[in-house]
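Quick note on labels: first sequence line is chain A, next is B, and so on, each numbered from 1. We use all heavy atoms of the structure for the numbers below, so side chains are in, but hydrogens, waters and symmetry mates are not.
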Amino acid sequence: MRDKRKTITILAYISMAVFVVFLLRLWQLQILKGSYYRRQSEKNRVRVFKIPAPRGIIFDRNGIPLVKNAPYFIASLIPDLSKEGLDLKGLSRLLDMPVEELSRKISKHKKHVLEPIRLKEGLDFAEVARIEARRSDFPGLVVETEITRAYPFGSTGAHLIGYLSLPTEAQLRKGLFAGIPKGTFVGQWGVEALYDKRLRGIPGKRFIEVDALGRQLRTLKVVPPRKGEDLTLSVDIRTQKAAEEAFKGKAGALMALDPKDGEVLALVSLPSFDPNLFVRGISQKQWRRLQRHPGHPFLNRVFQSQYPPGSIFKIVTAIAALEEGVVDENFSVDCTGAVHVGIWKFSCWKGQGHGRTALRKAMVESCDVYFYEIGRLLGMDRIAKYANALGLGIAPGVGLSAEKTGLIPTTSWKLRKKGIPWYLGETFNAAIGQGYVSVTPAQAALMISAIANGGTVYRPELLNAPVSPEPIAKLSLSRKTLRVIRDSLVGVVEDLKGTGGTAKSEIVGIAGKTGTAQVIKIPESVKKKLASKYRDHAWFVAYAPVKNPSIALSVFVEHGGHGGETAGPIAKAAIEAYMKSSGYYVERQAEN
Amino acid sequence: MLRDRLKISYQGIRNFDWLMFSIPLLLTLLGIMTIYSATRSVLDTQPSFYVRQSIWLCLSVAALFVSASFDYRKLINLAYHLYGAGLVLLFLTIMLGHTGMGAQRWLRVGPLSFQPSELFRIAMIIVVAKYLSTKRSPLSVSPLAMLVFLFVLIPFCLLYRQPDLGTAITLVGIVVLMVLVKGVQRRILASVLLVIVISLPFAGNILWEGLKEYQRNRLVAFIDPKVDPKGIGYQIEQSKITIGSGKFFGKGYLRGTQGPFRFLPEKHTDFIFSVFSEEWGAVGSVFVISLYILLIIRGYETAFYAKDEFGTLLSIGISTMFLLYVFINIGMTMGLMPVVGIPLPFFSYGGTALLANFICVGLLINVRMRRFILFY
């Protein structure tokens with residue numbers, strides 16, 4: 001035995017050293033990093049579950065709900081740290097899914113993330129009931145609820161209302177919808193997308209104490225969800241419906257505005273799609289079919305298709321001539337059916353000619369030769385000035401979809417773009433809305449709306465909210481010009497020889513103008529026999545009532561032939577529907 | 001007379017070290033409280049560990065008094081018998097023992113299952129103390145070789161088979177320390193050190209090959225717990241979270257979450273200190289560690305006071321055992337040591353270990369209270 005005292009003293013010192021090491025480590029773990037570890041332990045124990053926020057409801061101007069909130073059920077598996085005893089076969093039978101798909105989904109899940117693994121989405125009520133009944137057999141199996149939409153009006157107004165879906169992979173990669181809890185439905189189209197933030201609301205949170213097996217022990221705290229904002233649109237769904245039905249399956253667009261403030265009363269783009277397809281997850285096959293549809297149902301024609309306006313542009317030319325003072329209302333031209341400029345012949349649509357024609361007759365019967373003549377007197381640049389003041393050539397900036405600006409050519413534009421000077425013949429074409437001139441249906445609606453309200457182009461407003469309308473263009477018109485033009489537009493519909501007689505209504509006075517956008521330049525008589533894709537596009541712009549107008553609209557029918565023929569009745573149907581819906585018709589009847 | 005035969009002296013009883021008795025008792029009571037908290041049922045009913053531990057405590061206290069009562073020098077004659085019996089038990093464990101958590105450590109007797117390796121520790125310390133006390137210091141080659149073969153290699157192999165590497169390593173550590181205390185010839189010490197240094201690279205490899213998968217994982221995880229916090233390093237990381245989250249004053253008794261919610265594995269056995277530390281914070285932890293160090297130092301003090309060399313070596317062996325167990329176990333919970341499955345004396349759930357530890361304390365008290373007795 002060595003020196004006992006010395007040996008034992010060393011051993012005591014070793015013990016003290018151990019004590020000091022422990023003390024330092026405790027200091028490090030519990031004092032220096034204590035708060036960090038406290039947070040870690042809370043993260044272990046407390047799991048936050050999302051309570052989906054009900055989305056705001058979208059109403060039409062009369063308070064008719066255009067959407068419904070509907071539950072969307074998902075069978076999910078809370079990832080289990082122990083990963084023991086999951087009966088995959090039983091689960092496969094319960095969910096009616098192949099075992100391989102299940103195990104693929106489970107193994108794909110990142111080990112460190114405690115988010116539930118979504119096994120099957122869009123369950124129906126029977127499936128939910130079945131799962132709930134047997135949940136105790138499958139630890140970690142839960143039915144999650146999200147809120148999605150049902151669209152009671154189906155494809156009616158689909159381009160306006162839009163639809164919801166889960167964010168796509170591409171959107172998530174681009175970092176869109178960051179900060180929105182995973183699995184939340186987001187607006188993807190129409191108003192649903194445009195006002196997504198306001199409609200969305202704030203999801204609530206349920207703080208639940210869990211154990212390491214993911215079993216929920218008790219609820220610690222609940223932060224209730226905040227419902228999204230309800231929105232009342234300016235659209236009148238009854239007018240919308242009537243307008244869509246009036247197209248009778250043809251492709252085209254319609255935009256109806258309240259001329260007083262630019263509120264959108266109807267917004268039609270056809271063909272359309274059923275938004276209900278998207279809310280439960282559209283199948284690959286359905287999606288491809290919609291994508292490849294020859295009618296391009298996802299094109300919002302109101303803003304995204306631009307065509308020569310045809311004769312509806314004569315309104316602009318006429319206003320320019322009167323306001324510039326190059327002619328007065330009594331100035332007349334002798335229409336012989338055509339005008340010759342050098343070797344070129346510019347025909348009137350009516351081969352035998354209109355004879356002596358002044359402004360009103362030229363508008364009512366849509367005489368081309370008259371407008372060639374005043375176009376010659378005005379020159380292109382002066383026409384363009386008035387066109388721009390009426391909102392043509394400008395994107396209206398609604399934000400519902402990408403917007404085309406259309407084209408109002410000028411002499412300098414042509415020199416810049418094509419490097420050659422402007423020809424007189426091009427002014428002739430432009431004066432009757434052909435050639436380079438092109439407009440979107442939205443712009444056509446804005447133009448006629450400005451005529452109806454005295455010259456102001458308001459930015460189309462989708463919400464029925466008491467906000468002051470925002471002018472995007474303004475044309476100062478003399479009272480006289482306005483009276484002459486309006487009177488001629490009434491004549492288009494009311495006069496015996498008017499081209500827009502098809503729009504004449506028994507219940508309300510309508511003013512309007514027809515237009516035809518040429519697809520190919522061949523005689524009308526031949527075209528009628530051709531396949532529909534060579535037929536001209538039909539335009540109609542109108543407002544009503546003639547006195548104190550409350551609706552102004554543009555109608556565009558692809559390959560609709562002459563404007564009066566196909567577009568006129570649609571305009572009439574929409575206007576009459578709005579008159580009935582807004583109570584005007586009832587008031588009038590009471591007066592009589 | 002029975003009293004004479006057991007050599008119970010009134011003087012001895014007067015010298016009974018109540019401090020040495022009350023420290024383990026207090027630690028065990030705190031342990032039972034913590035076991036209750038760690039295993040308190042949250043959703044499902046679990047066997048009431050704390051009740052069983054309480055019953056074992058009663059048995060253990062009785063065993064302590066028994067082991068303190070008789071003259072410890074009687075053990076010198078019994079040492080080989082005890083050691084032989086211990087070896088047989090270990091052998092039986094390997095043959096008949098039932099498996100728990102990948103290791104064969106338990107032996108069932110009737111309704112009771114116990115861990116022979118826990119009792120074996122005592123026999124081992126006694127026999128080494130006896131063996132060393134009969135040899136001359138410093139030790140020469142032949143007694144040392146004898147000792148290594150008889151008291152190290154054989155039990156090490158048996159424990160390694162179970163496998164109970166933690167206990168095996170701890171026992172080797174105890175014997176090494178006892179030998180060093182006894183004293184070894186300088187040249188032997190030098191050559192052993194040389195051999196160790198030379199063979200270190202190979203030994204490391206051989207040891208690594210010999211380890212089971214889970215043992216290797218524990219080593220990897222010790223070096224870097226964040227390699228896979230949900231897998232290998234999970235225990236260490238969770239244990240650090242458990243201790244750290246207690247902060248200075250702790251979360252309060254029965255308000256810990258890491259144990260009862262099962263984030264911390266082995267919550268009532270190997271990692272019980274973490275659970276205690278979570279609820280009682282740095283304040284409680286320092287208190288408990290102080291109790292251990294106090295007990296250990298008092299054990300060493302007993303070694304100093306012991307009247308004979310056997311008593312000294314016995315006390316040193318027992319105290320060193322406590323020191324190693326506490327150091328390895330608490331060090332492991334704090335992430336200072338690899339995860340080695342040895343319990344915290346008095347605190348961890350486990351009846352055999354509790355019994356063995358109380359017997360050891362009894363022996364320490366025994367040695368201490370007989371320090372004034374004149375040997376005849």
Side-chain angles (χ1 to χ4, degrees), chain A residues 1-47 79-83 110-114 139 208-218 220, chain B residues 42-43 132-133 137-138 177 180-183 228-231 234 237-238 240-248 250-251 256-258 260-265 277-278 281-282 285-286 289-290 292-293 296-297 299-301 303-304 306 309 312-313 316 319-320 323 326-327 330-331 334-336:
Chain A
M1 188 94 191
R2 301 166 63 191
D3 180 359
K4 204 163 131 185
R5 175 179 287 275
K6 199 174 136 196
T7 310
I8 284 168
T9 311
I10 292 172
L11 289 171
Y13 275 127
I14 293 175
S15 311
M16 288 311 293
V18 168
F19 181 65
V20 171
V21 167
F22 283 170
L23 230 56
L24 289 175
R25 183 62 164 178
L26 281 176
W27 171 265
Q28 187 193 17
L29 290 178
Q30 297 191 302
I31 313 296
L32 296 182
K33 292 173 83 180
S35 302
Y36 165 76
Y37 284 122
R38 180 67 65 92
R39 275 198 306 279
Q40 294 293 103
S41 82
E42 289 298 298
K43 240 201 263 176
N44 263 347
R45 174 180 75 103
V46 180
R47 210 152 302 166
D80 178 358
L81 291 175
S82 65
K83 291 230 160 136
K110 284 192 204 81
K111 232 177 164 186
H112 296 205
V113 186
L114 289 172
I208 288 179
E209 197 169 61
V210 295
D211 67 9
L213 305 180
R215 295 181 298 186
Q216 305 181 6
L217 307 177
R218 66 194 167 108
L220 298 172
Chain B
V42 176
L43 281 185
L132 288 175
S133 63
S137 175
L177 207 107
L180 287 176
V181 166
K182 173 76 185 174
D228 180 9
K230 294 279 179 256
Y234 180 73
E237 196 55 33
Q238 287 302 326
K240 280 160 76 179
I241 290 172
T242 311
I243 294 175
S245 66
K247 297 175 94 172
F248 192 72
K251 292 178 181 170
T257 53
Q258 288 281 101
F261 297 170
R262 303 190 181 191
F263 295 108
L264 182 69
S277 197
E278 181 188 18
S285 306
V286 171
I289 293 171
S290 305
Y292 278 113
I293 300 298
I296 290 160
I297 288 182
Y300 285 134
E301 195 192 35
F304 179 72
E309 198 177 349
T312 302
L313 286 168
I316 287 180
S319 305
T320 304
L323 181 64
V326 169
F327 180 63
I330 297 186
M334 290 178 172
L336 294 171

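With a threshold of 4.5 angstrom between heavy atoms, B:Ile330 approaches chain A through its backbone and through its side chain. When heavy atoms are compared at a cutoff of 4.5 Å, B:Ser290 approaches chain A by way of both its backbone and its side chain. Contact of A:Ile31 with chain B is made through the side chain alone, with heavy-atom distances under 4.5 Å. Contacts of B:Ser277 with chain A are made by both backbone and side-chain atoms, with heavy-atom separations under 4.5 Å. Neither the backbone nor the side chain of A:Thr9 comes within less than 4.5 Å of any heavy atom of chain B.
Distance check: B:Ile243 CD1 to A:Leu26 CG gives 7.0 Å after rounding to the nearest 0.5 Å. Atom CD of B:Gln238 is separated from atom OG of A:Ser41 by 9.0 Å, given to the nearest 0.5 angstrom. Of the inter-residue distances, the one linking A:Tyr13 atom OH with B:Ile297 atom CD1 reads 10.0 Å to the nearest 0.5 angstrom. The distance from the CD atom of A:Gln28 to the CE atom of B:Met334 is 10.0 Å, given to the nearest 0.5 Å.
A 4.5 Å side-chain heavy-atom check between B:Leu177 and A:Leu11 finds at least one atom pair inside the cut-off. In this structure, the side chains of A:Tyr36 and B:Ile241 stay at 4.5 Å or more apart for every pair of heavy atoms.
Between chain A and the residues B:Tyr300, B:Phe248, B:Tyr292, the most heavy-atom pairs under 4.5 angstrom are made by B:Tyr300.
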request  = For side-chain contact (heavy atoms from CB on, under 4.5 Å), just list the numbers for A:Val18 and B:Val326, CA-CA rounded to whole Å, side-chain angles, deciding distance to a tenth of an Å, and then say yes or no.
outcome  = CA-CA 9 Å; A:Val18 168; B:Val326 169; 5.5 Å; no
query = Between A:Ile8 and B:Val181, is a side-chain contact (heavy atoms from CB on, under 4.5 Å) present by the stated rule, with each step listed?
reply = CA-CA 9 Å; A:Ile8 284 168; B:Val181 166; over 6 Å; no
ask   = Going through the checks in order, is the side-chain contact (heavy atoms from CB on, under 4.5 Å) test met by B:Ile289 and A:Leu23?
value = CA-CA 9 Å; B:Ile289 293 171; A:Leu23 230 56; 5.7 Å; no
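The closest donor-acceptor contact from the side chain of A:Lys4 to the backbone of B:Phe304 lies under 3.5 Å. Put simply, the side chain of A:Arg25 never gets that close to the backbone of B:Leu336: no donor and acceptor are under 3.5 Å apart.
In this structure, A:Ser35 and B:Lys247 approach most closely via the heavy-atom pair OG-NZ, 3.4 Å. Across all non-hydrogen atoms, the minimal contact from B:Ile293 to A:Ser15 is CD1-O, 3.5 Å.
For B:Ser245 and A:Gln40, the side-chain atoms include no donor-acceptor pair closer than 3.5 Å.
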